[in-house]
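All ligand and atom numbering here is 1-based and tracks the order in the structure. Given the structure is predicted, the values throughout are model-derived calculations rather than measurements. These values consider heavy atoms only, across backbone and side chains, with no hydrogens, waters or symmetry-generated copies.
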Amino acid sequence: MGGVPGVTTLRQAVSMQQTPRPSLLLATNNPHKIAEMRALLHGCGWDLITPEQASIAIEPEESGDSYAENARIKAVAFASTSGLWALADDSGLEVDALDGAPGVHSARYAGAGTSHAYKVDALLAAIATSGVSNRAARFRAVFTLASPDGKTWLAEGVWNGAIAEQPRGIDGFGYDPIFIGSEDGRTAAELTAAEKNAISHRARAAAELLPALRSLARIVMQEATVPPQDQSQLSHIDAGGQVRMVDVSDKERTERYAIARGRVTMRPETLMLIEQGSISKGNVLTTAQIAGILAAKRTHELIPMCHPLLLTGIDVSLTPERESSCVEISARVRTTGQTGVEMEALTAVSVAALTIYDMCKAVDRGMRIEDVRLAEKHGGKSGDIVLE
Ligand code: ITT
């Protein structure tokens, strides 16, 4: 019975891997934005948490002259205060008749402490006073994602429309009652939340950021499961119980590593069987993980031009994704040799995917191995290359 406890540990580790997600703090004190961002970022791979949930009560001063500056101020302030990744939105309404005002000052238009109803009336009055008949306007949103150590990434979304003669509708917030944003002439406050979230400025910024957020979630999780060197040296099981080759690459100065990814899409029922451990051929995720590790080590035997390399670390992770009904596969391979290890990482992902296919083909012939690709390559003459 000597091997049984080890098998149990691996099963537990694989099932643990399905649930944890990194935390992303929504860096806003506006509850309407929180509701919209939650809906728009559904499936982004992060646990979205509010300042209240993180016990963060700050109101950074928006002293910038642009949306990007203010979004950066907010994102960095929330990230550094919480130690979490943070996502801020800075947005506003730009009215052509007012030369783009109130724009970046939308929240403070007609006085910082005034109500939205007051701001809306003031805006309509200002347009009337301008004597300009052009009522074109747009909402603009700039999202800034900040890492805990202050690096930032931007995404922007614009929603074109026009200013109504009078406020209409009771949904939404802010300037929604006077912003005609749909083709049928309804104001944003007359749209359902789902209708607004399909076309809004925030929806467009979120769509631009989503692929990067998904990739980043995987990288952050992967880094969190690789224990510090000193804790891992004598173990073939990492802190999360994952099988891996011990990473000894830090002992050399010529370290290189590559990350490859891919996925196997399948019917939801097949994924459920995998997650429940009910596939008759055995534990699919653990077997595929081991297969990926073994394959990386034999890459030079399979691909004619590949050099035999001393691999110093191999991590293969498999994550079931219910929303897209697939298993996401990621492999990180390290060496201290003279050539890169992207072929080894790609081989690990390919063979892990083939193993899933082999073990599940009796219940699902329509599975597809998709999007096997190099995601990152570090070290060597070409330096760091991040492809996603
Ligand atoms: P945070 O700074 O805490 O995120 P805020 O409401 O102060 O919250 P901004 O500084 O970005 O946010 O100000 C944006 C203002 O622009 C907001 O208060 C609204 O008046 C307006 N606005 C932005 N998006 C809007 C939308 O979808 N509908 C209506 N008004 C919007």
Any N or O of S91 closer than 3.5 Å to N or O of ligand 1: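 Yes; at least one N/O pair falls below 3.5 Å.
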Q166 atom CD, neighbour heavy-atom count above 12 within 6.0 Å: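 No, because the 6.0 Å sphere around CD of Q166 holds 12 heavy atoms or fewer from other groups.
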Over 12 non-hydrogen atoms of neighbours within 6.0 angstrom of NZ in K361: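 Enclosed.
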[atom] [closest protein heavy-atom partner, distance rounded to 0.1 Å]:
| atom | result |
| --- | --- |
| atom 4 (O) of ligand 1 | T28 OG1, 2.6 Å |
| atom 31 (C) of ligand 1 | F139 CE2, 3.5 Å |
| atom 13 (O) of ligand 1 | A107 CB, 3.4 Å |
| atom 16 (O) of ligand 1 | S106 CB, 3.4 Å |
| atom 30 (N) of ligand 1 | Y175 N, 3.1 Å |

Can a non-hydrogen atom of [X] be found less than 4.0 Å from any atom of ligand 1?
| X | result |
| --- | --- |
| H201 | yes |
| H116 | yes |
| G92 | yes |
| D176 | yes |

Closer than 4.0 Å to some heavy atom of [X] - which atoms of ligand 1 meet that?
| X | answer |
| --- | --- |
| N30 | 3 (O), 6 (O), 8 (O) |
| N29 | 3 (O) |
| G174 | 29 (C), 30 (N) |
| K74 | 1 (P), 2 (O), 4 (O), 9 (P), 10 (O), 11 (O) |
| D90 | 9 (P), 10 (O), 11 (O) |

Any salt bridge linking [X] with [Y]? Criterion: basic side-chain nitrogen under 4.0 Å from a carboxylate oxygen.
| X | Y | answer |
| --- | --- | --- |
| R261 | E328 | no |
| D171 | K196 | no |
| E195 | R186 | yes |

Nearest neighbour of atom 12 (O) of ligand 1 from the list K33, K196, E62, R202, on a heavy-atom basis: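 Nearest option to atom 12 (O) of ligand 1, by heavy atoms: K33.
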Flag side-chain contact, heavy atom, 4.5 Å: L209 against L87: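 Yes - at least one pair of side-chain heavy atoms lies under 4.5 Å apart.
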Parallel, tilted or perpendicular: ring planes of H201 versus W159, cut at 30 and 60 degrees: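 H201 vs W159 ring planes: parallel.
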Ligand 1 versus F173: contacting region, heavy-atom distance under 4.0 Å: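 It is both parts that get close, each with some atom under 4.0 Å.
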Could you give the distance from [atom1] ([X]) to [atom2] ([Y]), rounded to the nearest 0.5 Å?
| X | Y | atom1 | atom2 | result |
| --- | --- | --- | --- | --- |
| Y175 | S91 | OH | OG | 10.5 Å |
| E61 | I73 | CD | CD1 | 8.0 Å |
| L346 | R373 | CG | CZ | 10.0 Å |
| L123 | K119 | CG | NZ | 11.0 Å |

